[in-house]
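Notes follow the structure.
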Number of protein chains: 2
Amino acid sequence: MSLEHILLGLLRQPASGYDLKKVFDERIDYFWAAELSQIYPTLKRLEKRGWARCCQAVSSRGPGRRVYETTTAGRRALRDWLAKGPEIGDERFAYLAQIYLMDELGDLKQTLRFFTVLRDDFNRKLEALRRLERYWVEADPHYPDELPPPDFHVHLTLRMGILSLGGHVRSCDESIRRLRARMDREKHTRPGVSKSTRRKNPHAPPRHKLALRPPDRKSQTPRARP
Amino acid sequence: MSLEHILLGLLRQPASGYDLKKVFDERIDYFWAAELSQIYPTLKRLEKRGWARCCQAVSSRGPGRRVYETTTAGRRALRDWLAKGPEIGDERFAYLAQIYLMDELGDLKQTLRFFTVLRDDFNRKLEALRRLERYWVEADPHYPDELPPPDFHVHLTLRMGILSLGGHVRSCDESIRRLRARMDREKHTRPGVSKSTRRKNPHAPPRHKLALRPPDRKSQTPRARP
DNA sequence: ATCCTCATGTAAGTGGTTACATGATTGT
DNA sequence: ACAATCATGTAACCACTTACATGAGGAT
């Protein structure tokens, strides 16, 4: 479980479950989400396993705080996780599945609308990360070159987030251009409802010429499974 | 559940659970994975709900095939799903979490190794998709402009996959450049084990200057929750 | 004989979400 | 008085994975 290891990493600085939730929402958000209802039991599990220790603390309001901290055994587990290389699961992208099947709507205008919404969403997230980066640049005169190692790694993570989101936005832009080009071509060659934009019979099953297996089937990258 | 809707889309052409598994492994793989043990119960559920119908068929070897097909009610459900806009969950990226916490290893060389492995993995996946695209280009003289709508949407999906994976590879390349630059600088300014590459005390908790909340906290994009 | 592919499934477990329960303190 | 924030948690559910069970037919 990755959440366990992430908590191990964050708890190198003591924090309560409630504190951690804020860290996720305010800073980790763009690559990992976590709910309190999952954080609390995970903390207990870490404690039971000896990877984190807990001490009670008082709060000005509300119930007593349970402040956790990673133990040396916990840090060993964290290092093992980091050292065994990148964990790339088979990520699932529902929006790609939607595009794959969107011929069902039989209307390229809807596909176009879908892509613009998608683009705007990626772009909003991208802007949020860029704001964060700008803030760091302004706050620290020698950002990012002179950063101490922990901050440098945080910086690397943020850069990855910004660059890959930028890639997503550009992907959408390219698709939107292609879509518009195709729609223009159809409008000019046969005005009115063309046979390509609107399905003649919406109940006819779609025929995928392209959905053929590629010739070198065996040489395709197999999914990484542990 | 997205798998339900994906099956609804794929079953516009009749197929058995076993057939569908192959479709996932050979073509859908880069944006959605599915196991047989999940596909079979889902098919039953779709049938019970009236979104798919099933008919028995014989097989030359092995038990009888249960061939499913989407019903008109099922296609309505599929269209509703597609029409209600992109489904962008809070994707989790364990490898970004690993980078975020990798200062724990206290050795930039290991971070660099991590990034090169990551880059190679993205690149292998990218090459697989490019091979697929090349195959389509060669097989069809007027690819992609003259494609019928279903194939055009499959094409759009593949392009999105290729472009965003390309973005990931470039992100890794940039990080690798930055890492090398920093390592070079350290080597020249203070030869031997420098205080930036190696942690003096591996048990000291890391201090994150950058892990501060940005000034415009409230204006950050909230996660989309339905 | 033994293994691979075809073809169906079940059962147990994991990682995560949604909804609910509780109660103190502070601000409007 | 009412809502928001602080702070803890539980219970039920959901999507998905791993491991297991079964058995026919063809290939080595």
Side-chain angles (χ1 to χ4, degrees), chain A residues 1-7 14-26 28 31-49 54-68 81 87 89-94 97 217-218 223-226, chain B residues 1-7 14-26 28-29 31-48 54-68 87 89-94 97 213 217-218 223-226:
Chain A
M1 216 223 301
S2 298
L3 179 65
E4 275 182 5
H5 298 285
I6 296 173
L7 292 187
S16 71
Y18 197 84
D19 295 337
L20 290 166
K21 172 61 174 161
K22 277 195 207 149
V23 173
F24 279 101
D25 287 350
E26 290 168 11
I28 303 292
F31 63 82
W32 204 275
E35 297 299 325
L36 274 171
S37 54
Q38 198 197 353
I39 292 171
Y40 285 124
T42 307
L43 287 172
K44 294 247 153 121
R45 202 161 55 237
L46 290 178
E47 193 187 13
K48 197 149 57 184
R49 216 180 296 165
C54 170
C55 64
Q56 224 76 17
V58 286
S59 165
S60 53
R61 53 189 185 167
R65 293 162 50 79
R66 303 177 55 81
V67 176
Y68 290 85
W81 181 58
E87 229 179 45
D90 5 76
E91 324 282 8
R92 284 165 161 87
F93 301 97
R217 185 192 150 201
K218 286 291 171 194
R223 298 195 78 87
R225 297 218 186 270
Chain B
M1 219 225 299
S2 297
L3 179 65
E4 275 182 6
H5 299 284
I6 295 173
L7 292 186
S16 71
Y18 197 84
D19 296 336
L20 290 165
K21 171 61 174 162
K22 277 195 208 150
V23 173
F24 279 101
D25 287 350
E26 291 168 11
I28 303 292
D29 185 55
F31 62 82
W32 204 274
E35 298 298 325
L36 273 172
S37 53
Q38 198 197 353
I39 292 171
Y40 284 125
T42 307
L43 288 171
K44 294 246 153 123
R45 203 161 55 236
L46 289 178
E47 194 187 10
K48 198 149 56 185
C54 169
C55 65
Q56 224 76 18
V58 285
S59 164
S60 52
R61 51 189 183 165
R65 295 162 48 78
R66 302 177 57 81
V67 176
Y68 291 84
E87 230 179 44
D90 5 76
E91 324 283 7
R92 284 164 160 89
F93 301 97
R213 95 170 40 142
R217 186 191 149 202
K218 285 292 172 197
R223 298 195 78 86
R225 297 218 187 270

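Within every chain, numbering begins at 1; the chains are lettered A, B, ... in the order of the sequence lines, protein sequences first and strands thereafter.
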Measure [atom1]/[X] against [atom2]/[N] and give the value in whole Å, please.
| X | N | atom1 | atom2 | answer |
| --- | --- | --- | --- | --- |
| K21(A) | dT18(C) | NZ | P | 10 Å |
| L46(B) | dA15(D) | CG | C1' | 14 Å |
| R45(B) | dC13(D) | CZ | C1' | 13 Å |
| E35(B) | dC16(D) | CD | C1' | 9 Å |
| Q38(A) | dG16(C) | CD | C1' | 5 Å |
| I39(A) | dT18(C) | CD1 | P | 14 Å |
| L7(A) | dG16(C) | CG | P | 10 Å |
| L3(A) | dT14(C) | CG | P | 15 Å |

Note to self: Tell me whether R92(B) contacts the main-chain N or O of A33(A) through its side chain, where contact means a donor paired with an acceptor under 3.5 Å.
What the structure shows: yes

Item checked: Heavy-atom pair of closest approach, residues L36(B) and P41(B) -> O-CD, 4.3 Å

Next item on the list: Calculate, to the nearest 0.5 Å, the distance between atoms NZ and OG belonging to K21(A) and S37(A) respectively.
Entry: 8.5 Å

Checklist line | W32(A) and F24(A): CA distance, side-chain angles, deciding distance, side-chain contact (heavy atoms from CB on, under 4.5 Å) verdict | finding: CA-CA 7 Å; W32(A) 204 275; F24(A) 279 101; 3.8 Å; yes

Notebook entry, point to check: Just checking R92(B): base, sugar-phosphate only, or nothing, at a heavy-atom cut-off of under 4.0 Å?
Noted result: sugar-phosphate

Checklist line | side-chain contact (heavy atoms from CB on, under 4.5 Å) assessment of K44(A) paired with R49(A) | finding: CA-CA 9 Å; K44(A) 294 247 153 121; R49(A) 216 180 296 165; over 6 Å; no

Is there any protein nitrogen or oxygen under 3.5 Å from a nitrogen or oxygen in nucleotides 7-11 of chain C, and what are the pairs?
| unit_1 | atom_1 | unit_2 | atom_2 | d |
| --- | --- | --- | --- | --- |
| dA7(C) | OP1 | S59(B) | OG | 2.9 |
| dA7(C) | OP2 | R65(B) | NH1 | 3.3 |
| dT8(C) | OP1 | R66(B) | N | 3.0 |
| dT8(C) | OP2 | Y18(B) | N | 3.0 |
| dT8(C) | OP2 | Y40(B) | OH | 2.7 |
| dT8(C) | O5' | Y40(B) | OH | 3.3 |
| dG9(C) | OP1 | K44(B) | NZ | 2.7 |

Notebook entry, point to check: Between E4(A) and W81(A), is any side-chain donor less than 3.5 angstrom from a side-chain acceptor?
Noted result: no

